[in-house]
Asker: 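Quick one: the structure is below, and I'll ask about it shortly.
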Number of protein chains: 2
Amino acid sequence: MSLPNHQRFFECDSCLFKTISCQYIQKEEFEKLQSKSVQLRYKKGEVILKQGAKSTHFLFLRKGIIKFNYEDDNGKNLILSINKAPALIGGANLVNAEFNLFSVCAIEDCEGCTIDVAMLTRIALGNTLYLFKMLQFITDVFRSSIFNFISLAHKQVNGRIADILIFLSQNIYLSNEFVLSLSRQEFAEFAGCSKENVIHTLRKFHNEGVITVEGKKILLNDPERLQRISKHG
Amino acid sequence: MSLPNHQRFFECDSCLFKTISCQYIQKEEFEKLQSKSVQLRYKKGEVILKQGAKSTHFLFLRKGIIKFNYEDDNGKNLILSINKAPALIGGANLVNAEFNLFSVCAIEDCEGCTIDVAMLTRIALGNTLYLFKMLQFITDVFRSSIFNFISLAHKQVNGRIADILIFLSQNIYLSNEFVLSLSRQEFAEFAGCSKENVIHTLRKFHNEGVITVEGKKILLNDPERLQRISKHG
DNA sequence: AACGAAAGGTGAAATAATGCATTTTTTAAT
DNA sequence: ATTAAAAAATGCATTATTTCACCTTTCGTT
């Protein structure tokens, strides 16, 4: 094996990050990135990037679902955003933060590989179209969280939970039926309310026939009614 | 006068945007930017950038205070962030949004000048250090709003209002005593609660001696107690 | 100076949300 | 298979928040 330092789980040739990168930069340059890169697997629950730590690398998430988590002074957690592969994680630090503002944790088993920030920056500085592409990748992650915040900021819990169900269905699981990757506690940290309130509200939606809840299995029976709750609740 | 198309209110030579720009790009290039640029004044309340409109220019805000405003489907407003000069406004669009995601409105009289996005992008693409500097400018505006959102998402109204008072004192007015630029209604749109709740809460803080409220004049008597309310309320 | 409109303010009833105690269910470990 | 621990669920008392009806002040206009 030509790579003694680490195990390889998957082939780089089928990787989206390589495909996209090679549209902008030379193969030789990508190989420089690749030589510094390590393939990693994370089990559900594992921390990928730790809030407050110095970040020396990004992670290109090839498979899996992650959460952005902020822990405040009192130890309370807040989930800022949930994202699925493919995504470039840790980019908030590219432009102006030396330490990770948030933690990133796997909420489903994940696969990805590290990208050396210094090397990526060097290459991107020499190729502005590539730089723009990377910035788009990075800000996508950011932007998706804004609309969750808007929901949080001026809707009541009914509306917020409806919004989260719609978000998960449309952006993460891509189906009206899914197995929730979040505990009720985590759901509450995403919705900005107590876990009891999440449970009560899901039960209410269930009893009203809008959704069907069976433990972690959720089915959106009436997405349009959910939209209406989102809009007026 | 060599500039027939528009009035000039202030000298470019004392402008921070010019000073910073000229650390990275040639004077001749800056003059290209300048030739496309128009000086503008906005009265308190005026809209600078309109949500949903196509943005062909940024605004370098030289003087004044602005709010980022989001209006939802139901016509409810939400203030995402408040910023003071100097700031580069509208930059959220540099990377990936064609239409303005938010409105920007003057909440104090403002002065600034337009920056042609196409021209700035062209110059920045040829000078990556300058590009990075501009991105820093832009994401600063963004980043300041994140921590307001965190406050919104998992504090109750006491804590949120304490946070806003601290924010305004430390980041906008740079003093423990200030004349609020926001109406009570706008304060509520920033805090994510009803205007009555803002009024009740300010009155309560006043009665407890933490702050002194006299119409729009606010004095933070006991910033440390406010910090404690922020942390536990 | 008088007027109307907008913003600020108040208190109380109705509604929403939290926190707690307790039970049930699920999950993981031996 | 048994047990312990964690997560989910429930109902209720307490607290927080909104909403409403109404009043007062401020401010710009005629």
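By convention in this document, chain letters (A, B, ...) are assigned in the order of the sequence lines, proteins followed by strands, and residues within each chain are numbered from 1.
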Asker: For B/H200 and A/G215, find the nucleotide of DNA chain D closest to each by heavy atoms; which residue's nucleotide sits nearer the 5' end?
Answerer: A/G215
Asker: Salt bridge between B/K44 and B/D109, side-chain N to carboxylate O under 4.0 Å?
Answerer: no
Asker: Kindly list each side-chain donor-acceptor pair under 3.5 angstrom involving residues 9-16 of chain A, sequence neighbours excluded, with atom names and distances?
Answerer:
residue: A/D13; atom: OD1; partner: A/K18; partner atom: NZ; Å: 2.9
residue: A/S14; atom: OG; partner: A/E11; partner atom: O; Å: 3.3

Asker: Would you please classify the geometry between the B/F60 ring and the B/F137 ring as parallel, tilted or perpendicular, with 30° and 60° separating the classes?
Answerer: perpendicular
Asker: Among residues at least two apart in sequence or on other chains, which ones pass side-chain hydrogen bond (donor to acceptor under 3.5 Å, both in side chains) with B/K84?
Answerer: none
Asker: Can you tell me how far apart CZ (A/F149) and OG (A/S81) are? Round to the nearest 0.5 Å.
Answerer: 8.5 Å
Asker: If you only use heavy atoms from C-beta on, which nucleotide in D/dT10, C/dG9, C/dA17 is closest to the side chain of B/R203?
Answerer: C/dG9
Asker: Is a side-chain donor-acceptor pair under 3.5 Å present for A/K155 with A/S230?
Answerer: yes
Asker: Rounding to an integer number of Å, can you tell me how far A/I199 CD1 sits from C/dT26 P?
Answerer: 14 Å
Asker: Let me know the distance between NZ of B/K44 and P of D/dG28, rounded to the nearest Å.
Answerer: 11 Å
Asker: Return the residues of residues 183-198 of chain B meeting this criterion: a heavy atom under 4.0 Å from some atom of DNA chain D. Order them by number, or give none.
Answerer: B/C193, B/S194, B/E196, B/N197
Asker: Taking OP1 and OP2 of C/dA7, is either one under 4.0 Å from a side-chain nitrogen or oxygen of B/K216?
Answerer: no
